A.B. asks: 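Sharing a structure, written as structure tokens. Questions coming.
Note that the structure is predicted; figures quoted are calculated from it, not measured. Indexing begins at 1, ligand by ligand and atom by atom, following the structure's order. All values below were derived from every heavy atom in this structure, side-chain atoms included, with hydrogens, water molecules and symmetry-related copies excluded.
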Amino acid sequence: MSELPIGVMMSAGWTLDQLRQVRDLGFNNVQIHAASEDVLEDPHGNAALIRDIQSVGIQITTVFAGFSGESYADIPTVKDTVGYLNPSMREERIRITERISDFARALGVDKVAAHIGFVPEDPDHPDHHAMVECVRRLADYCGRNGQDFCLETGQETASALRHFLETLNRNNVGVNFDPANMILYGSGEPIEALGIVADYVVSVHAKDGKWPPGKGQLGTEYPLGSGDVGMDRFIAKLKQIRYRGPITMEREIPDWDQKVRDLVQGRNLLESLI
Ligand code: MG
């Protein structure tokens, strides 16, 4: 791949027709949300989906884990439902993530990523220790599949994330840096954050958004260039830290046709900045 190739995040619920459409728009790489849990559990459905994806002829750079029951309605709901923080769901979700890692390996993909959930910043908090152990297990499983396990940014400050990564002490754990999430969760100024976790960044999202209106609330996502990230500063910072991977545009709206228009416009903006 050329330097800083522009790709697309195929969010949960994506279809093969949409994947072909993205290819036909001229994109040669995507990240994909993993297959649904029932497909992952069904060996025939799983194998058929892998064949169908491979037939499209587009590079899959990362498979994203996600779980039924997750909700991003507001920050307390995210804490309760997203990722591996809730102990009542942890073991089952680790098991599903292992199936996702196997699914990614069958596709020839060397990165598995997830929103792991809020990690308590206090290292003495019992949930902090549980999350360290959980991510180590996932990293070690992915490692046996020849993969990096990547943490999506946004739900903690960059310095807390860096401390967590250092505590993990695993060389196959990386960061999927999403500048908009830093804003949407009110976790810190994104360009400065990128500098703090730069050593760990293995993939990035190009996404934009505006700061939350109040505490406990989430900010709002906007098309690239219309939010508070500053795409020019983001691209300049990626060059400064010598990032060489894909820039994967993420647009989290349900209307596919509008999303396609925003992706095409976003690509024009990114190409002008790269
Ligand atoms: Mg993202």
A.B. asks: Are Arg251 and Glu221 ion-paired here, with the side-chain N under 4.0 Å from a carboxylate O?
C.D. replies: yes
A.B. asks: Run the ring-centre check on Phe67 versus Tyr84 and record whether the distance is less than 6.0 Å.
C.D. replies: yes
A.B. asks: Strictly under 2.8 Å of the Mg ion (ligand 1): which protein N/O/S atoms qualify?
C.D. replies: Glu152 OE2, Asp178 OD2, His205 ND1, Glu250 OE1
A.B. asks: Taking only residues two or more places apart in sequence or in another chain, which ones pass salt bridge (charged side-chain N to carboxylate O under 4.0 Å, His left out) with Asp17?
C.D. replies: Arg20
A.B. asks: Tell me, do Ile32 and Thr62 make a side-chain contact under 4.5 Å, heavy atoms counted?
C.D. replies: no
A.B. asks: Could you tell me if the ring centre of Phe234 sits under 6.0 Å from that of His205?
C.D. replies: no
A.B. asks: Would Arg170 pass as a cation-pi partner of Phe149, given that its NZ or CZ must be under 6.0 Å from the six-membered ring centre and within 45 degrees of the axis?
C.D. replies: no
